[in-house]
Structure formats: structure tokens, C-alpha cells
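Encoded as C-alpha cells, the structure appears first; notes follow it.
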Protein chains: 2
Amino acid sequence: MKRRNTPSKEKVLSILKSQNYAMCHDTIAEQTDDINRATIYRILNQFCEDGVAHRITSESGKQFFALCKSCNAGEHHHNHLHFQCNSCEKVECFKSEINISLPEGYQIENFNGLISGFCNSCAPN
Amino acid sequence: MKRRNTPSKEKVLSILKSQNYAMCHDTIAEQTDDINRATIYRILNQFCEDGVAHRITSESGKQFFALCKSCNAGEHHHNHLHFQCNSCEKVECFKSEINISLPEGYQIENFNGLISGFCNSCAPN
DNA sequence: AAAATTAATGCGACAATGTTGCAATAGTAC
DNA sequence: GTACTATTGCAACATTGTCGCATTAATTTT
Ligand SMILES: [Mn+2]
Ligand SMILES: [Mn+2]
Ligand SMILES: [Zn+2]
Ligand SMILES: [Zn+2]
């Protein structure tokens, strides 16, 4: 199925590009001019399939999306940790990659690593 | 608020003890004799507060619960990874603890690390 | 042992999030 | 411009977990 370029996709992509944080559906929606809910979800899912973005599931189960630095449809590198602040709720990607070793016979498909706590700005000092 | 012992709590606890895997709400419910949905959720949340169990959020956002080995209400040790099989959907705790280092000023409250893929039994070889 | 206290439960309603079917719209290739 | 079909909007739906409130029952007090 060949992808088509659309204003909605461009808009969502530009929103993702504009932030240093992973974003959830409603934050993205707030910044669009009435793109349908379902459409935004479908666009984000496509981005994940295509290696344009990656999905982070927060502790509450909500999904966040961040641009991929070096992924494409075939090859993904997502063995890095994320951090969500329990106060401002921002989700950010950490750079350092972690080493994942699996028991014999196991195969990894994806990794979702999320640290929760308080970010620099929100931590009670 | 002082905890009370009840048959429902004992039942849920014994179910958790009976499995080597983290369990989700409905798997637990299947094994009970009609404990109310909300009650099971409340019991599981209590267990997490009390350091009896810990919660793992799966990639889809569903919650799984596993007994804690060495936690109590005050002190938690959950810096280990989990694995969910995309085929049989079982969630298991991995033993090895991972080292989490945070940027200056960040505070960790919890860690949710989940590898998804295929387990030993389900991996296409 | 009975009464008092209040934690736990069941029930129903609700919230939040994400998905899907289908008809209408609009990219893209020719 | 036409044909093809990916994309969109809409509405309905599914899933998961929470909450308020009246009732029940575990535990403490008398
Ligand atoms: Mn990331
Ligand atoms: Mn565990
Ligand atoms: Zn913060
Ligand atoms: Zn499996």
C-alpha cells in the first residue's frame, strides 16, 4: 500500500518535529485545525510502521509518540529509555541505549522502557 | 487506613502466588468465584501500595501484576525488566536488575521496562 | 457476646483511550 | 482529465480501569 502525502500528515509531522518531547494524541490534536481524532491516530500508527516515529506507552497506558532519529520501515533502534514526569507529564527520550540480553530462544520485537518520577523542573529539591 | 483481611484478598493473593507469570485482571477474574471487577482492581491496587505486588504496563496499556520478592510499603525494588510474548501474551519478570542513571536533578519514582517479542515456546525457530 | 466503627464489597455509571466499518473525498499516476 | 485507491470524517464500538454510594462484614471496643 503506497503512502500518499496529505496536509494532515504534514501537519502532524511538523508538530512532532516542533517539540523536543514525545507527544500524546490530545496534545497533538490541540495544535491542529480540527483533524479528526481517528485520522490522527491512523497517521501516528503509520508513522510508527514507517519508522518515522516510535510509540512510548506511559504507565497509565496512554500512548506517546516521538520522532525516530535513525529508524526506517525495515530497521528500528529503540533500545533507549524514556522518562515521564509525574508532575508536568512530559515524556522525553533519553539518549543512552541500554543493553538487552534475552534468555536462550527468546526473540525481541520491541522495547518499551519508561522511568517515571520528577523532571529537573518539577523535582522538589 | 488499616487493612482488613478478607476472603477476596486471600483468593487474589493465592492466585498470584500460584503462577510464575504476571497476571492481568481478567485472567485473575477467571479463576475466582465471581468477585466483582471493581473489587479485584481495588485489591490489586492495594497490593501495589503495600509492596505485595507490582504493576507492569504492557505495550497495549493493559496492566499486569506480579508478586514482589523483596518489597514492602516503604521500599521498592523494581528495576528489573519484563518480557511479554506477542503470541501467548504471557508476561514474566526477568531477574537481572538494570542500572538506571538519571540526569542531574531528576528523581525516579518508578520504572516500567517491557521487552516484547516471542518467548522460548512461541518463537518461530 | 453485643455494639460500634469503618474498611471492603457490589453495583452501576462513568471516563479515558484507541479502533473499525463505511461512505465520501482527494492524492497520484497515466 | 480519468481512473485508481489511499485517506479522511463520522459514528459507533471495544477495552480497560475508576468512582460514588449504599450495603456488608472484619475488627475493635465495651
Ligand atoms: Mn524515544
Ligand atoms: Mn516484575
Ligand atoms: Zn516535570
Ligand atoms: Zn509465548
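Below, read A as the first sequence line, B as the second, and so on, with proteins coming before strands; counting in each chain starts at 1.
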Derivation of the side chain to side chain donor-acceptor pair (under 3.5 Å) call for S58(A) and S60(A): CA-CA 5 Å; S58(A) 79; S60(A) 72; 3.1 Å; yes

Check against salt bridge (charged side-chain N to carboxylate O under 4.0 Å, His left out), K62(B) and E89(B): CA-CA 11 Å; K62(B) 201 172 173 181; E89(B) 294 182 325; over 6 Å; no

Side chain to side chain contact (heavy atoms under 4.5 Å, CB included) evaluation trace for N36(B) with Y41(B): CA-CA 9 Å; N36(B) 184 270; Y41(B) 277 118; over 6 Å; no

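Remark: side-chain polar atoms of H54(A) are paired, donor with acceptor, to backbone N or O of A66(A) under 3.5 angstrom. Looking only at distances, no side-chain donor or acceptor of E59(A) sits under 3.5 Å from a matching main-chain atom of R55(B).
Note: CD (E10(A)) to C1' (dA26(C)) measures 14 Å, nearest angstrom. Residue N45(A) contributes atom CG, which lies 12 Å from atom C1' of dT20(C) at whole-angstrom precision. What separates CG of D26(A) from P of dA15(C) is a distance of 16 Å, to the nearest Å.
Of the residues in residues 51-67 of chain A, none has a non-hydrogen atom less than 4.0 angstrom from any atom of DNA chain D.
Distances shorter than 4.0 Å separate some side-chain N or O of Y41(A) from OP1 or OP2 on dG18(C).
Minimum interatomic distance between T57(A) and L114(A) (heavy atoms only, all atoms of both residues): O-CD2, 3.8 Å. Of all heavy-atom pairs between Q31(B) and M23(B), the closest is NE2-CE, 3.4 Å.
Centroid-to-centroid, the aromatic rings of Y106(A) and F83(B) come within less than 6.0 Å.
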Contact state string [nucleotides 7-13 of chain C, B base, S sugar-phosphate only, - no protein heavy atom under 4.0 Å]: BSBBB--

